[in-house]
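Below: one structure, written as structure tokens.
Naming convention: chains lettered A, B, ... in sequence-line order (proteins, then strands); numbering from 1 in each chain. In this text the structure is predicted, and so the values were computed from the model without any measurement.
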Number of protein chains: 2
Amino acid sequence: MTEGVPRRQSTLDEVAELAGVSRSVASRVLNNAPHVSRAKREAVERAVHRLGYVPNPTARALATRQTGAAALVVSGEDPSIFADPFFAQVIVGASAALEDADLHLMLCLAASDRGRRRVEQLLRSKGADGVMLMALREDDPLSRMAEEAEMPVVFGGRPVGLDPRWYVDVDNVGGARQATEHLISAGRTRVATIAGRLDTEVGRARYRGYRDAMLAAGLDPYPPEVGDFTESTGAAAMAALLARHPDLDGVFAANDNMGAGALRALREAGRPVPRDVAVVGFDDLAVARIADPPLTTVHQPIEALGREMARMLVALIGGQDPTPLILPTRLVTRASA
Amino acid sequence: MTEGVPRRQSTLDEVAELAGVSRSVASRVLNNAPHVSRAKREAVERAVHRLGYVPNPTARALATRQTGAAALVVSGEDPSIFADPFFAQVIVGASAALEDADLHLMLCLAASDRGRRRVEQLLRSKGADGVMLMALREDDPLSRMAEEAEMPVVFGGRPVGLDPRWYVDVDNVGGARQATEHLISAGRTRVATIAGRLDTEVGRARYRGYRDAMLAAGLDPYPPEVGDFTESTGAAAMAALLARHPDLDGVFAANDNMGAGALRALREAGRPVPRDVAVVGFDDLAVARIADPPLTTVHQPIEALGREMARMLVALIGGQDPTPLILPTRLVTRASA
DNA sequence: CGGAAAACTGGGAGCGCTTCCAGTTCCAGG
DNA sequence: CCTGGAACTGGAAGCGCTCCCAGTTTTCCG
């Protein structure tokens, strides 16, 4: 009697023995591969059940050379960029798509040097079957590593300066253009912009959309007032804008957080919104609905972004060659403009 | 010449051969274990460098029986609960602590049945070195599975009805009491509460704190108006409360989202805050600062919660027996109360 | 009813790394 | 110059699973 012994996980060999078949047959049953008679299949299934057997994923990974996991790496100098609810939504989408492919999600916040090194290891050691990369700054060494890695890599948003083969992005230029056009078509002519950091592709693209729309309407684009996508920098930028151009009547903020900040700065400056100054944001996060007044903004399908990234990665892992994707945006009109 | 051959990942054997030592020695160098002469160590290091060798984590995992990963599972019927920025902060903390222990983070959103089954697999198959479990509802089958799993498990917040051995929680009762006391000490006597779902421990604990404070002050607690922690249910609950008790002068909302909803409902009902009705929330998320008026709320150390969960898990994995932890909360006074 | 094709089966060789352990080498001390 | 022990070293046995392949059993026709 081996009572009290902390019963080891049972192995495939034990299953095979109990079922009176060879390990190969047992393995075939588990992966429901062909070439197994009905009788043996059932015997194995019974044994699996009796033993409460669960295959060891590590062993399987070693044998198949597939880890069964995909990584989502969020790069950035500061881990707090991850606090942006944006990423939570991306994760929800990606997680669902990976679940369909029976892959696990590894999350890597590559903020510290150490974190960055770990991602490099991951990339070079086949520690995952594929990687999704987000929020890369200009010159982020991760971009290069990823391109060199012999592993499927999907970019979420295009990194500045690179033109990756596989990516999913949102139509930032188009969305920003829509937002600006909305302001202009409402009769605003002195429309400024609070841009996001111009060393990110998102920041640049949204600024470009603003600029395009202004020029197309025969208006002079204002030089961008730059924030880092947070509420407080949005408020600061708005204050600066107000100081420099007291007469402006419209603002396009490159995201909702900064838009909310702008609303606050305008409130503090006693400039009623939208009567005096109209504001449009970008993202359509919860904050836009909650803001006072509710923020007109450009909706982007964030969960779909995550989902499509994961799907593309799964396709890549499956040996296909999917085409890059640019997801559409749409204007959501609320009270602020 | 093997030109053009997609150079396979190099293996430890190749490193050993190039360095002119046995595989064992090379392995020892990599794990910087003792019993390696200086000369050989350097030879191996040189070989590693020349080959760009990176150990295969899967093989290592199989040999050591350690996966090098910890899972964070967020349970819930609806994946969107994960959209709560709360989790993002937990992740930031957990991620940092795991990084220190050189563990990877696997994220499991156990919303669907399928997701739940995958978590069960994980728990039973040693697919991770340990698991952190969050947001469990009453009767969540995951709780039982986790307790039965022969794997380190740390709970984030105590699940209803269970009394797990290892957990990290926030002092929800104390925080809610503080919030309510703040309202009372400001002279409010007709203080109601918007509670969170009472089938969660958080919902219950915060209601209990409210109740305790009311009773302690000799006031009659109101029956809880229940929401599900979202802005809209908060607004609805506030409207219901207002309809039933038009004379109330204070509200404790079990979280900031619902607090923000309450503010909106009050605004729509034309009841000025805080003059007419004072509101206190719980969480101290970004929404509390952005709300109008800014929401007085109970700050909880969310990132620390994540960090401590991960640390506890690491200790457990390391064979230690850490003690459960309850993190303190503190009131943050803003304009709403 | 014989023979070839089709369907099964199980042995065994890995996957790449760790680790035990028997065997070597190297030094003091005697 | 020999001996015992400490410091090293490398062969070999796994870790648990997949999958090729050669061998065996069925099945199906002519």
Side-chain angles (χ1 to χ4, degrees), chain A residues 7-45 47-48 51-69 102 121-122 124-129 150, chain B residues 7-45 47-48 51-69 102 121-122 124-129 150:
Chain A
R7 183 158 78 282
R8 269 179 36 291
Q9 192 103 315
S10 47
T11 71
L12 190 54
D13 279 298
E14 291 166 23
V15 170
E17 188 180 346
L18 179 58
V21 303
S22 78
R23 182 176 56 240
S24 319
V25 172
S27 172
R28 268 180 233 127
V29 172
L30 261 83
N31 300 299
N32 48 41
H35 304 312
V36 180
S37 67
R38 192 186 164 78
K40 300 216 167 184
R41 159 158 280 129
E42 282 170 357
V44 171
E45 277 161 358
V48 164
L51 258 33
Y53 169 78
V54 180
N56 178 320
T58 305
R60 198 201 290 261
L62 184 59
T64 60
R65 300 143 157 294
Q66 302 232 67
T67 63
D102 209 34
Q121 293 275 317
L122 189 77
R124 300 184 33 195
S125 72
K126 285 248 155 247
D129 295 342
E150 309 201 357
Chain B
R7 184 159 80 280
R8 268 177 38 286
Q9 191 103 317
S10 48
T11 71
L12 191 53
D13 279 300
E14 292 166 21
V15 170
E17 187 180 348
L18 180 58
V21 303
S22 78
R23 184 178 46 240
S24 323
V25 173
S27 172
R28 267 179 235 128
V29 172
L30 261 83
N31 301 298
N32 49 41
H35 303 312
V36 180
S37 66
R38 192 184 164 80
K40 301 215 168 186
R41 160 159 281 130
E42 283 170 358
V44 170
E45 277 160 0
V48 164
L51 259 34
Y53 170 78
V54 181
N56 178 318
T58 306
R60 196 200 290 260
L62 184 58
T64 59
R65 299 146 157 292
Q66 302 231 68
T67 63
D102 209 35
Q121 293 275 318
L122 189 77
R124 297 185 34 193
S125 72
K126 287 248 155 245
D129 295 341
E150 309 200 359

Under 4.0 angstrom between N56(B) side-chain N/O and dC15(C) OP1 or OP2: no

Under the rule for salt bridge (charged side-chain N to carboxylate O under 4.0 Å, His left out), what residues qualify as partners of [X], not counting sequence neighbours?
X: R60(A); result: none
X: R41(A); result: none
X: E42(B); result: R38(B)

Can you check the [X] [atom1] to [N] [atom2] distance for me, whole Å?
X: N31(A); N: dC20(D); atom1: CG; atom2: P; value: 12 Å
X: L62(A); N: dG14(D); atom1: CG; atom2: P; value: 17 Å
X: Q66(B); N: dT19(C); atom1: CD; atom2: C1'; value: 14 Å
X: Q9(A); N: dG14(D); atom1: CD; atom2: C1'; value: 17 Å
X: L30(B); N: dT18(C); atom1: CG; atom2: P; value: 7 Å
X: D13(B); N: dG14(C); atom1: CG; atom2: P; value: 12 Å
X: L12(A); N: dG12(C); atom1: CG; atom2: C1'; value: 15 Å

Close N or O pairs between protein and nucleotides 8-10 of chain C (under 3.5 Å):
from, atom 1, to, atom 2, distance (Å)
dT9(C), OP1, S37(A), OG, 3.0
dT9(C), OP2, S37(A), N, 2.9
dG10(C), OP1, K40(A), NZ, 3.4
dG10(C), OP2, S22(A), N, 3.1
dG10(C), N7, R28(A), NH2, 3.3
dG10(C), O6, R28(A), NH2, 2.6

Starting at CZ of R65(B), measure out to NZ of K126(B) and round the result to the nearest 0.5 Å. 9.5 Å

Here the gap from Q9(B) atom CD to E14(B) atom CD, rounded to the nearest 0.5 Å, amounts to 9.5 Å

Of all the choices, dC15(C), dG16(C), dC19(D), which nucleotide is nearest to the side chain of A63(A) once you look at every atom? dC15(C)

Can you tell which of dC17(D), dT19(C), dG16(D) lies closest to the side chain of R65(B)? dG16(D)

Using the test side-chain contact (heavy atoms from CB on, under 4.5 Å), find all partners of [X] that sit at least two apart in sequence or belong to another chain.
X: Q66(B); answer: T64(B), D129(B), I317(B)
X: L30(B); answer: L12(B), V44(B), V48(B), Y53(B), P55(B)
X: V54(B); answer: Q121(A), R124(A), S125(A)

Quick one: side chain to side chain donor-acceptor pair (under 3.5 Å) partners of S27(B), sequence neighbours excluded? N31(B)

The helix from dC1(C)-dG30(D) to dG30(C)-dC1(D): angle between terminal helix axes, five bp per end, to the nearest 10 degrees, reads 40°

